[in-house]
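See structure below.
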Amino acid sequence: MSQTDLYTLAGAALFIIGLYGLMTRPHLLHKVLALNISSAGVFFVLVGIARRVPGTTPDPLPHAMVLTGIVVTVSSTAFALALAKRIYSETGIAALDASDVDAEENAGG
Amino acid sequence: MAEWIMRQLPALIILVPFTAAPLAYLLGTRFGRPVGFISALLSQPLAVLLAITVMREGTLRYEVGGWGGPLGIDLVADGLTATMVLVTTVVGLFVTIYALGYFGDRERYRFFWPLWLFLWGSLLALFFSGDIFNLYVCLELVSMSAVALVGLTLRREALVAAMRYMLAAILGSLFYLFGVALIYGAFGSVDMQTLREIVRADTTAQAALALMTVGLVLKTALFPLHFWLPPAHSNAPSPVSAVLSALVVKGSFYILVRLWVDVAQPMAFPGVSTVLGILGATAIIWGSLQAFRQERLKMLVAYSTVAQIGYLFLMFPLVTGGGQAATDAWMGGIFHAVSHALAKSAMFLAAGLVLARFGHDRIDGLAGLSRRAPMTAMAFGLAGVTMMGLPPSGGFVAKWLLIRASIEAGQWWWAVIVVTGGLLAAAYVFRVVGPFFSREPEGIDDLDLDPGRSPWAMEGATLALAIGALLLGVLGQPLLDLIMVSAPALVAGVTP
């Protein structure tokens, strides 16, 4: 197994962990963080791909893509957090579904 | 000067809304409106010019900043790009005229203009993208501005709908980006023109295509990944609902078409296009039934979008065999995207006028609209004709092409779905239009429009879109020709 394959598999694992968190955690903050973990997984894959031809200089293009991806993720995370905060102040619950009463308790933990 | 404009056309088209957006933000509410209107007006001749140029000269390629690939960003415009740019620009103009009256100069909606212009520019940039990574960036730009617009009113339901939409949108983009990473890893390029020549079917490539498809299907809200669409589209302010249903879902659909029919075609599993078709068929039936069951007008129109998105996906199983069937399916699918854009924006704008006039949008309380607001009732009815696919509407042409394609391809069952979907659309459209023309009950106060708004311009813009959808059926031939300019080999009549 090459180094790139290892990175790709690790990235895929991170992506799936994030996906699982997004689907199972009702609290909005957890959902936003889960998406961040998923995006870290994708960036991992991209960083690893830069080394796909062994023994040569790493390809700079995937790194440029990761940089762009980080800019996009930082902005969307900031926006998602602002939206979550606004929802909490309007409804008192930081969850999509008001029936997720546990979410409020999760807020502390 | 004229020659300079022609050469810079792809960049100019995108720069108009992208320049207007920060201007509208900096200048505030009072000047945001004229900035938006001027930007919408300026865009019109440019989009028409692009369509004419592409029709005459074929595909245009523009190197941003003169850098060129693989480091620079290339803008590419073929017939499909020109078509999508044209429909975005035309729908954009009428939504802008409507929004001038709808939002007025109320301070609390001051962010509408910068966000809407930003969304407009992002959509255009997406249609011009020549590489799959730039498509990712544009997808995110579109999503961010669309989510912000959904939450514009800061109402509780709107905020929650915006959050749900945002989580789905980001997840969809990540799936897509994962696929882009794998493609780059396998083939060393993200440029679509290069990829078209070098992609081949191997495990990595197919995994990449699968990831990208899942992400884009989520963003296009294809059944069963449509859960975020009805709350987001129905809770947004009406001009925003119109843009979301008419244009934004078409953005991710456009990328799916680029991948499946063109770039990644050689590495596609044959079975998956059938799965996409089956999901589309389910969306048509299920979305229409849900639309019929809704009690609120905007929810009905939103579920109608879920159903109409289904038709777009019937294209995929029908193009795989090539030949005349592929040509008809290609034209039918794209034409459906265009006529649905016009008709659905008219429906949502009409629903906004209904809300303003009645103060609610409960369907059982809409009796007598045809007397109180004849233009609004007529616009909704005419848009309904396109939804049902009755002649001479644009919806009729699109459905007819899809039916013809399914018979030519020997897959008649899709034709049955198209016809059934039309009947179901008739059911939910008449459920709304019926009460419009009935006598209103006695003793209801006439909640009239805010005198500060200009209902005639809003009604005019709504009616214009509905009539446009209808006229497409009669005057659609030039558009069909444009859709075929530099079309992918698979659908251009070249037998594979």
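Residue numbers start from 1 in every chain, and the chains themselves are labelled A, B, ... in the order their sequence lines are given, proteins ahead of strands.
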Which heavy atom of [X] sits nearest a heavy atom of [Y], and at what distance?
X      : Y      : answer
A/S39  : B/L174 : CB-CD2, 3.4 Å
B/R164 : A/L96  : N-CD2, 3.7 Å
B/G185 : A/I49  : CA-CG2, 3.7 Å
B/L167 : A/K31  : CD1-CD, 3.4 Å

- Query: Measuring heavy-atom distances to chain B, does A/A64 have an atom under 4.5 Å in its side chain, in its backbone, in both, or in neither?
  - Reply: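 Neither part; nothing is under 4.5 Å.
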- Message: Taking 4.5 Å as the heavy-atom cut-off, does anything in residues 75-82 of chain A contact chain B, and if so which residues?
- Response: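 Counting heavy atoms that sit under 4.5 Å from chain B, the residues of residues 75-82 of chain A involved are A/S76, A/F79, A/A80.
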- Side-chain touch A/V32/B/I170, heavy atoms, less than 4.5 angstrom: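 No; the side chains remain at least 4.5 Å from each other.
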- Hey, does B/Y136 have a side-chain heavy atom less than 4.5 Å from the side chain of A/M65?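 A/M65 vs B/Y136: side chains apart.
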Check whether more than 12 heavy atoms from other residues, nucleotides or ligands sit under 6.0 Å from atom [atom1] of [X], and answer yes or no.
X      : atom1 : value
B/R61  : CZ    : yes
B/Y25  : OH    : no
A/F15  : CZ    : yes
B/F227 : CZ    : yes

- If you check every heavy atom in residues 145-158 of chain B against those of chain A, which residues fall under 4.5 Å?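 Residues B/V147, B/A148, B/L154, B/R156 are the ones that qualify, each having a heavy atom under 4.5 Å from chain A.
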- Query: For the candidates A/T4, A/L35, A/L46, A/L22, which exhibits the highest count of non-hydrogen atom pairs separated by less than 4.5 Å from chain B?
  - Reply: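 The residue among A/T4, A/L35, A/L46, A/L22 with the greatest pair count is A/L35.
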- Query: Picking from A/V71, A/T8, A/D59, A/V66, which has the most non-hydrogen pairs under 4.5 angstrom with chain B?
  - Reply: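 Top option by heavy-atom pairs under 4.5 Å: A/D59.
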In terms of heavy-atom proximity below 4.5 Å to chain A, should [X] be classed as side chain, backbone, both, or neither?
X      : value
B/M166 : side chain
B/L141 : neither
B/F133 : side chain
B/F175 : both
B/V160 : both

- Starting at CG of B/L177, measure out to OG of A/S38 and round the result to the nearest 0.5 Å.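 If I round to the nearest 0.5 Å, the distance is 11.5 Å.
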- Just how far is it from atom CE of B/M163 to atom CG of A/L83, taken to the nearest 0.5 Å?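 Going from the CE atom of B/M163 to the CG atom of A/L83 covers 5.5 Å.
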- When heavy-atom pairs shorter than 4.5 Å are enumerated against chain A, which of B/S143, B/A181, B/S173 gives the highest number?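 Among B/S143, B/A181, B/S173, the one with the most close pairs to chain A is B/A181.
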